[in-house]
Amino acid sequence: MLKEKVILILENTLNKLYPEIPLEIICDTPKNLQHGDISVNVAMQLAKPLGKPPRLIAEEIIENIQSDSQVIENIEIAGPGFINFKFNKSFINSSLSKILELGVNYGRQNIGTGKNVNVEYVSANPTGLLHLGHGRNAVIGDTVANLYQWLGFNVTREYYFNNAGNQMNNLAKSIFARYMQIENPDYDFPEDGYHGEYIKLIAEDLKKEFPIELKGEEKEVLELCRKKGEEWCFAKIKQTLQRMQISQDIFYNEDSLYKDGKIEEVIQIFKNLGLAYEKDGALWLKLSEMGLENDRVIVKSSGEPTYRLPDIAYHREKFRRGYDLIVDVFGADHIATVPDVIAGVKALGYEPDKVKVLIHQFVSLTENGELVKMSKRTGKSYTLDDLLEEVGEDVVRFFLLMRGIGTHLEFDLSLAREQSDKNPVFYLQYAHARICSIFDKAGEIDLKNVDLSLLNSEEEQNLIKKIFLFPETIRASANKFEAQILTEYLRDLAGLFHVFYHNCRIIGTEHNLANARLSLALATRNVLSNGLKILGISAPERM
RNA sequence: GCGCUCGUAGCUCAGUUGGAUAGAGCAUCAGCCUUCUAAGCUGAGGGUCAGUGGUUCGAGUCCACUCGGGCGUACCA
């Protein structure tokens, strides 16, 4: 809002003064309030091409700037050659009225209109319950999808899964063994089976359905176990996701790539391109000719494809559906597939830059400073459901979002459990609840008859300026695929509100001033509630 | 070994496309409730930004190397 204004003014001036030098004007919101509202470093950038000291250039620029004193109050040179713009309060306040007109839609943008984005996340195979790593994946993907929706993109949320292959066979065998153990505790459990308690629950369900022993360990019996296991796990997974406000549009089954002949098609294309060859009974992809280090097997000598092939075929299908942006959310353990898929789709003639892979690091759970073990093997693993049960949806989502995706996330269970000021989620929610409470007591405001020019104090001005930054914060958060940028912004905003609340009373003050402050509180509430909505966190009216 | 990634206050982490005096929360210490929710506010202490060198007006941020943690490096996914 303020930045656009400065860019406009400077473009005119610079085109007049130095038309031959192309320059990108970079605006900065200074940390130090004494440096004005917007700071610009063009003079330093011009120092070299012009061969003049930056402060001299800055003076030249300022002398030639044509600006309305109703908009910009003051322009000054500072430090090595910064040009600092200080806006007139009346301009700031009139900008606030535009935000108030937008109401609950403030923050929504249309830069993505007509463009399609696909975000694939969670994508856990139905072999068990979701754990914390899945939770981080889910919340990252869901929030990225929300961000793009707010920018006006048409967003498809997708879940990719595999209900065939080794893992599922293993699940079937594990269920069958538990089923048999109900009557015969000595029945052998497979060496590499799934040890989780949930397998027993599935087996018990099966026992109710088929009280008389299923015969033998034959294909049909295992198929039944597999199917039962898949259904059971998916029901649980969807239930857990729903609890976190997550629902996806497409569940894409890897198996359909085989059934619809897509795997075979891709093999043929690679062969036709001369990028696939047979060796040792397996089919290899010539990744060495596609910019990578080594060739890799795409079809094993057993005839089964390796994970690379369906991954490439799947991405090809996503391209064929016509997305402008394809986002994959992966845990750090799946990083190896990324270069292969990128090289693969490129070889198939698609634009690899349209694929954005988000790799997030692992989550560890601590309690009172000690690491809580999460082992799949022992079955003692701490599931996402356990966590939701213990600390609630809002806390889980916020904790999983408040760190950059590249860092290892330490989930502090003791802190998360804390229903107090130590818990950072409440800081945001509390600000929202406080505003709602004011409105309960103050009643309605008449937005048409508000004199915003009364908002002169430092607390008020700082809060307004922060509110201005909301749209660009959403953009930055989406462009960088970092929800954390938004969580940090909301914490700052809540902080500024709390200061405003403390120093600027509403109820009991003079009517016009109270109205103006109520307007500001309303704008703040809209931003908080919209921001929390994007994060998938509730904005309570009372706490 | 090679690839990716991270290393910032006692702890957990921010730090926009390089910008001005490196920030926040927790913890520690000192204050603020006859006034709209104290889940709040105000103040204090706390730093060799892992290290070395380089790029330039200017580096926590970019480059190279070193050290240390995580992940990967399959005819597993």
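This structure is a prediction, so every number in the text was calculated from the model and none was measured. Here is how names work: the chains are called A, B, and so on, in the same order as the sequence lines, proteins then strands, and each is numbered from 1.
Pair check for B:C26 finds B:G10; Watson-Crick or G-U wobble, both atom distances under 3.5 Å. In this structure, B:C71 and B:G3 make a Watson-Crick or G-U wobble pair, each of the two defining distances being under 3.5 angstrom. The partner of B:A64 is B:U52, by the rule that a Watson-Crick or G-U pair needs both atom distances under 3.5 Å.
At the heavy-atom level, A:Ala78 lies under 4.0 Å from base atoms of the strands shown. If you check every strand for non-hydrogen atoms under 4.0 Å, A:Ile335 touches sugar and phosphate atoms only. Residue-level contact check: A:Asp340 touches neither bases nor backbone, having no heavy atom under 4.0 Å from any strand. Within 4.0 Å (heavy atoms only), A:Gly404 reaches sugar-phosphate atoms of the nucleic acid but no base atom. Within 4.0 Å of A:Arg296, counting heavy atoms only, lie sugar-phosphate atoms of the nucleic acid but no base atom. Note on A:Gly406: only backbone sugar-phosphate atoms sit closer than 4.0 angstrom, heavy atoms only; bases stay farther off. Residue contacts shown for A:Glu472 are absent, as no nucleic acid heavy atom lies under 4.0 Å away. Residue A:Cys504 is in base contact, counting any heavy-atom pair closer than 4.0 Å across all strands shown. Counting any heavy atom pair closer than 4.0 Å across all strands shown, A:Ser437 reaches a base atom. Residue contacts for A:Ala442: at a heavy-atom cut-off of 4.0 Å it reaches no nucleic acid atom on any strand shown. At the heavy-atom level, A:Glu418 lies nowhere under 4.0 Å from the strands shown. Counting any heavy atom pair closer than 4.0 Å across all strands shown, A:Thr407 reaches sugar-phosphate atoms only and no base atom. Nucleic acid contact for A:Glu304: none, since no nucleic acid atom lies under 4.0 Å from a heavy atom of the residue.
The same atom, P, is picked in B:C49 and in B:A44; the two are 23 Å apart, to the nearest Å. Comparing the C1' positions of B:G68 and B:C29 gives a spacing of 34 Å, expressed to the nearest Å.
For the pair A:Lys441 and A:Ala282, nearest-nucleotide mapping onto RNA chain B gives the more 5' position to A:Lys441. Mapped onto RNA chain B by nearest heavy atom, A:Pro305 and A:Arg542 fall at different nucleotides, with A:Arg542 at the one closer to the 5' end.
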Quick one, A:His408 with A:Arg403, criterion side-chain contact (heavy atoms from CB on, under 4.5 Å). Give me CA distance, side-chain angles, the key distance, then yes/no. CA-CA 8 Å; A:His408 293 261; A:Arg403 304 294 178 225; over 6 Å; no
Determine whether A:Glu254 and A:Tyr160 satisfy the following criterion, side-chain contact (heavy atoms from CB on, under 4.5 Å), listing intermediate values before the conclusion. CA-CA 7 Å; A:Glu254 180 183 324; A:Tyr160 177 68; 3.3 Å; yes
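For A:His35, the side-chain atoms get nearest to B:A20 when compared with the rest of B:A20, B:U12, B:A77. Of the candidates B:G15, B:C36, B:G25, the closest approach to any side-chain atom of A:Gln484 belongs to B:G15.
With 3.5 Å as the limit, one finds no donor-acceptor pair spanning the side chains of A:Glu367 and A:Tyr382. Between A:Ser39 and A:Asp28, the side chains place no donor N or O within less than 3.5 Å of an acceptor N or O (distance only, hydrogens not considered). Residues A:His315 and A:Asp328 bring a donor and an acceptor atom of their side chains to less than 3.5 Å of each other. Side-chain polar atoms of A:Asn162 and A:Gln167 form no donor-acceptor pair below 3.5 angstrom.
Residues A:Phe497 and A:Tyr427 place their aromatic rings such that the two centres sit no closer than 6.0 Å. Checked against a 6.0 Å centroid threshold, the rings of A:Tyr159 and A:Phe234 count as neighbours.
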One character per nucleotide, please: for nucleotides 40-45 of chain B, 5' to 3', B when the base has a protein heavy atom closer than 4.0 Å, S when only the sugar-phosphate does, - otherwise. BSS---
Sugar-phosphate or base contact per nucleotide [nucleotides 56-62 of chain B; S, B, -; heavy atom under 4.0 Å]: -S-----
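Under the 30°/60° scheme for interplanar angles, the aromatic rings of A:Tyr489 and A:Phe470 are found to lie parallel.
Between the A:Arg296 side chain and the A:Leu287 main chain, no donor and acceptor come within less than 3.5 Å of each other.
Anti is the conformation of B:C71, whose glycosidic angle sits further than 90° from 0.
Both thresholds, 5.5 Å between centres and 30° between ring planes, are not jointly met by A:His334 relative to the base of B:A77, so the two rings are not stacked.
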